[in-house]
Every structure is written in structure tokens, then in C-alpha cells.
Amino acid sequence: MPCPDLVAIIPAAGKGERFGGPKAEAGLDNSTFLDRVRATLAAAGVSDVYVAQGLNTPDMLATLRHAVGELASPGVKGYLIFPVDHPCVKPETVQALCAAWNSYPDAVYRPSCQGRPGHPVIIPAWLDLAADDAGQGLVGIIRARACSVIDVPVDDPEILRNVNRPQDLEN
């Protein structure tokens, strides 16, 4: 299900020090992580995509703040945050998130598999990312704003696999 007022942000600005190089450029099954995430979004019907790459930001929240600053416009109602280090998430997972978000776009949506939340997530555009995060990143901002967080059950264990080291790709 398409998400017409949603922009996908792919945080890919990290240096990948634990991985041995930038994860966006890392190869997996004859494709890069970045290309896999883009393909997943396209297969899910998400066409508005911003790649936050080549930035000198200290952490993911700073990267998101930069991206949202570039993207903010009245027509955008939410951001699908799809970290590049989750390259194996299924398109069906993104479709399930979009379907849930389309029904109530004022909440935070995250996929859940086996009772555990993962990535990607959708946040409403009204969420002030410039707010004090109390050292907790995006989670701190969501908690401080008392946003509703809705878990969307999916059958996709890849939402839980954050690839930080090459051995994280081993099954």
C-alpha cells in the first residue's frame, strides 16, 4: 500500500567503523546495502526517498535532524526511517507499516516480530526532532512528546538484525 504523504529517509552517513567501511557501500548478494534498501522501498510502493549519506554527523539523530531540515514541507505528513544497516527487511513489512500509518498518521509505527520491535519505523512529521533528547536519541524525543507508539506485527525477523559487523550477516 503506497504512503502518499510519506518520505523515506535512509540514514547512511555512518563511517561503518565496526563493519570495516561504510555500510551503504557494503556488498550483499551482488548488491549494496543501499541498493537493497532502495529496492525494498520501491517494491513496497514508496517512491519519495532521501538518502542521508556523506554527512559529517555524530549520530543517527543528528543525521535525521539534517534530513528532516532538508525535507520539511507542508505536504509531508511523516517520515519512514529505514536505516541502511537493515538491508534484508521484506517489502511486505514496509507495506504493513504504510497500511497502519495510512489509517492513523499521528502515531509512531514500528514493526514487531516475535514480540520484539525493530526497524524501519515511521514517525509523524510534526514530531520536533530538534527537541532535547535527554541523551536517548529519537526514543528520548518520542517519550518526551508522549507520542503513541504502535507495534505492527510482521513475520520478518530481519527487522531485528542490525548489521554492525560482517559476522552479523551470518545466519
Side-chain angles (χ1 to χ4, degrees), residues 1-14 16 19 21-55 60 63-64 66-68 70-73 75-125 127 129 138 142 148-171:
M1 170 172 279
C3 294
D5 302 321
L6 185 81
V7 176
I9 299 172
I10 304 173
F19 191 79
K23 289 181 258 183
E25 301 166 9
L28 177 63
D29 296 334
N30 299 316
S31 186
T32 66
F33 284 19
L34 180 56
D35 287 341
R36 288 178 64 96
V37 171
R38 282 182 171 153
T40 298
L41 289 167
V46 178
S47 59
D48 200 353
V49 179
Y50 179 89
V51 180
Q53 189 175 22
L55 305 172
M60 188 182 298
T63 299
L64 291 175
H66 175 85
V68 168
E70 296 271 318
L71 298 168
S73 74
V76 176
K77 293 184 180 162
Y79 300 102
L80 187 149
I81 301 165
F82 197 143
V84 77
D85 54 10
H86 286 76
C88 300
V89 170
K90 298 175 185 175
E92 296 81 13
T93 295
V94 175
Q95 290 171 331
L97 286 169
C98 286
W101 180 79
N102 279 330
S103 67
Y104 182 68
D106 283 329
V108 173
Y109 290 87
R110 62 185 184 185
S112 174
C113 183
Q114 302 164 357
R116 296 174 50 208
H119 289 283
V121 300
I122 297 177
I123 62 170
L127 186 64
L129 295 184
L138 181 58
I142 291 168
S148 296
V149 178
I150 299 172
D151 287 335
V152 178
V154 296
D155 183 21
D156 185 357
E158 294 299 332
I159 67 162
L160 306 172
R161 184 162 55 159
N162 183 357
V163 181
N164 283 319
R165 296 169 185 83
Q167 56 267 35
D168 293 338
L169 290 170
E170 299 169 6
N171 291 335

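- Of the possible donor and acceptor atoms, none in the side chain of D156 sits under 3.5 Å from a partner among the backbone N and O of T93.
- Residues W101 and D5 have side chains in contact (heavy-atom distance under 4.5 Å, counting atoms from C-beta outward).
- Counting heavy atoms from C-beta on, the side chains of S148 and D106 never come closer than 4.5 Å.
- In this structure, a donor-acceptor pair under 3.5 Å is absent between the side chains of S112 and D151.
- No side-chain donor-acceptor contact under 3.5 Å links R110 to the backbone of P117.
- At a threshold of 4.5 Å between non-hydrogen side-chain atoms, the residues L6 and I122 count as touching.
- No side-chain donor-acceptor contact under 3.5 Å links K90 to the backbone of E158.
- The shortest side-chain heavy-atom distance between P120 and V89 falls under the 4.5 Å cut-off.
- Residues T40 and F82 have side chains in contact (heavy-atom distance under 4.5 Å, counting atoms from C-beta outward).
- Residues R36 and D29 meet the side-chain proximity criterion, which asks for heavy atoms closer than 4.5 Å.
- Sparse packing is recorded around CG of D155, with 12 or fewer heavy atoms of other residues, nucleotides or ligands lying under 6.0 Å away.
- Side-chain contact between L28 and V163 is absent, with no heavy-atom pair separated by less than 4.5 Å.
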